[in-house]
Asker: 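Take a look at the following structure, please.
Residues: numbered from 1 along the sequence shown.
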Amino acid sequence: MIHPPTRRLRTVAAAAILTVTALIATACSGSSQDDAASRSGSKSGASPVTVTDSVKRKVDFPNGPIGKVALVGGFNVDLVLALGARDQIVGIDEKTIEQENFADFPSSLSIGASADALNYERILQSSAQAVVMYGNQPWQAAETSLKSSGIEVLVVSSWVSQDWKTNVELLGKVLGRDKEAAKVLAFTDKVSALTARAGQAQTQATAYYEDNAGKTIGEEGGKTLAFADANIKSIFADSPGNTIDSDPAALLAADPDVIVVETDNLYGGRSDAEYKKIAAKLLARPGWKNLKAVKNGKLFLYNPWAFDLAGNQISPLFFASFAYPDRYQDVDPLSVVEEWSKDFIGAAKFTPQGYVHQVAAQ
């Protein structure tokens with residue numbers, strides 16, 4: 001999954017916002033009580049719910065847990081599925097529907113192309129009681145456009161690994177899935193305990209990450225956080241920003257212990273032949289065959305579908321096993337992915353092949 005740059009908040013054209021707001025206002029005028037009733041999926045007599053979201057806003061649901069939610073972003077969909085709340089999903093952005101193709105979400109759930117191109121009329125028609133977005137998506141535009149509709153915009157940056165427990169409990173409370181939230185946290189606590197072995201290493205490993213567009217990550221990047229959870233220092237961790245341009249000279253000078261290169265996000269993995277083609281291009285770059293990671297067989301190519309799950313709780317385990325293999329001889333991170341896929345998010349056909357490719361030592 002791609003994490004939109006935190007410092008970049010795309011704005012929606014003022015005219016478009018005004019137009020959509022006017023449409024919503026017209027739709028809501030004279031029928032606010034009817035709309036509230038039709039949107040309510042709350043249990044009769046339920047206690048009000050108040051939560052503090054990822055941007056420290058207090059959001060109130062006076063009728064208790066909600067029954068209908070629209071979601072933006074793969075990590076949010078992943079979490080809601082894990083909470084057993086698929087039947088409460090009434091809208092998803094098209095980019096995420098395509099990305100989460102294992103779930104066979106119908107196109108009728110579409111609420112717009114992406115976080116930057118939401119269709120507010122469809123959100124209104126979906127009867128959603130809340131729209132859940134990341135903090136580094138343009139949630140302010142959504143809040144402005146939906147203000148008069150009674151639909152709450154709830155900011156949940158479920159890809160931020162350090163906030164995972166808070167986010168699971170938050171959505172569990174909002175969706176009335178507290179018991180399921182406890183089960184999710186019990187699972188990821190076990191994963192975290194495995195990842196914690198990396199902290200016993202006497203020397204912290206260094207790593208370089210590159211996405212499938214040749215970019216890397218700065219101090220705000222999700223993979224920088226995941227590396228840190230695995231006791232690994234990203235060589236660009238001190239550079240400002242989220243997704244940033246890579247610096248070939250700086251990479252060669254840093255000579256990291258581990259290199260991880262992300263390929264296309266594909267459920268079902270990719271073939272060994274495809275990985276070998278990508279590896280050949282990387283090894284043809286000036287100086288790469290002289291890098292420590294390449295010489296030691298610690299250049300890894302991976303399909304992020306198996307990594308970008310459970311709020312980035314699983315990717316640190318992969319990275320830790322890459323950097324400190326002696327501590328993980330009895331652990332297969334892909335078996336952890338398989339358990340999450342089949343037992344929590346309904347990816348019943350998941351098989352572990354085609355998600356990780358270790359390039360032989362050069």
Side-chain angles (χ1 to χ4, degrees), residues 1-9 53-56 73-79 82 115 133-137 155-171 184-185 187-199 201 204-213 215-246 254 256-262 265 300 302-324 328 333 336-337 340:
M1 298 174 193
I2 305 247
H3 313 303
T6 306
R7 296 182 185 274
R8 175 189 58 79
L9 290 174
D53 70 8
S54 294
V55 290
K56 309 305 179 186
F75 280 102
N76 285 338
V77 170
D78 180 72
L79 174 51
M133 302 178 69
Y134 303 152
N136 52 9
Q137 292 172 334
V155 182
V156 181
S157 297
S158 57
W159 60 271
V160 179
S161 59
Q162 287 81 357
D163 295 337
W164 174 246
K165 183 175 186 294
T166 298
N167 290 329
V168 173
E169 291 176 341
L170 185 158
L171 278 182
V184 168
L185 291 174
F187 173 84
T188 53
D189 282 349
K190 291 190 296 183
V191 177
S192 296
L194 292 173
T195 304
R197 293 183 189 180
Q204 185 182 41
T206 58
Y208 168 69
Y209 161 85
E210 184 174 300
D211 67 17
N212 65 346
K215 301 281 189 177
T216 189
I217 33 103
E219 62 181 348
E220 299 170 12
K223 294 301 182 292
T224 298
L225 301 177
F227 281 150
D229 287 343
N231 189 30
I232 299 169
K233 173 77 179 239
S234 168
I235 63 171
F236 291 111
D238 297 326
S239 300
N242 183 333
T243 301
I244 63 175
D245 291 331
S246 184
D257 298 303
V258 180
I259 297 175
V260 293
V261 178
E262 186 171 301
N265 190 327
F300 296 87
Y302 75 93
N303 179 338
W305 190 92
F307 285 60
D308 292 346
L309 300 168
N312 269 323
Q313 299 299 295
I314 297 176
S315 53
L317 179 60
F318 275 104
F319 298 146
S321 71
F322 296 166
Y324 311 109
Y328 292 94
V336 175
V337 174
W340 178 261

Asker: Would you mind telling me which of Phe322, Tyr324, Phe227 makes a side-chain contact (heavy atoms from CB on, under 4.5 Å) with Val258?
Answerer: Phe322

Asker: How close do Asp53 and Leu170 get, counting heavy atoms only, and between which atoms?
Answerer: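 Heavy atoms of Asp53 and Leu170 come nearest at CA-CD1, 3.7 Å.
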
Asker: Measure the spacing between CG of Leu225 and OG of Ser315 and express it to the nearest 0.5 Å.
Answerer: 9.5 Å

Asker: On a heavy-atom basis, which atom in Gly221 and which in Ile217 lie closest, and how many Å separate them?
Answerer: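 Closest pair (atom of Gly221, atom of Ile217, distance): CA-CG2, 4.0 Å.
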
Asker: Ring pair (Phe, Tyr, Trp, His ring centres under 6.0 Å) with Tyr208: which residues, sequence neighbours excluded?
Answerer: none

Asker: Identify, with sequence neighbours excluded, every residue that meets ring pair (Phe, Tyr, Trp, His ring centres under 6.0 Å) alongside Tyr328.
Answerer: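 For Tyr328, no residue satisfies ring pair (Phe, Tyr, Trp, His ring centres under 6.0 Å) once neighbours in sequence are set aside.
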
Asker: Under the 3.5 angstrom rule, does the side chain of Ser192 hit a backbone N or O of Thr188 as a donor-acceptor pair?
Answerer: yes

Asker: Could you tell me which residues satisfy side-chain contact (heavy atoms from CB on, under 4.5 Å) with Asp257, sequence neighbours excluded, listed by chain and number?
Answerer: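 Only Ala205, Thr206, Lys292 meet the side-chain contact (heavy atoms from CB on, under 4.5 Å) criterion with Asp257.
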
Asker: Just how far is it from atom OG1 of Thr216 to atom CD of Glu262, taken to the nearest 0.5 Å?
Answerer: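 If I round to the nearest 0.5 Å, the distance is 10.5 Å.
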
Asker: Would you name the heavy atoms of Leu317 and Val336 that are closest together and state the gap between them?
Answerer: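 Scanning both residues completely, I find the closest heavy atoms to be CD2-CG2, 3.9 Å.
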
Asker: Could you pull out the closest heavy-atom pair between Ser158 and Asn167, with the gap in Å?
Answerer: CA-ND2, 3.7 Å

Asker: Look only at the side chain of Asn312 and the backbone of Trp159, and say whether a donor-acceptor pair between them is shorter than 3.5 Å.
Answerer: yes

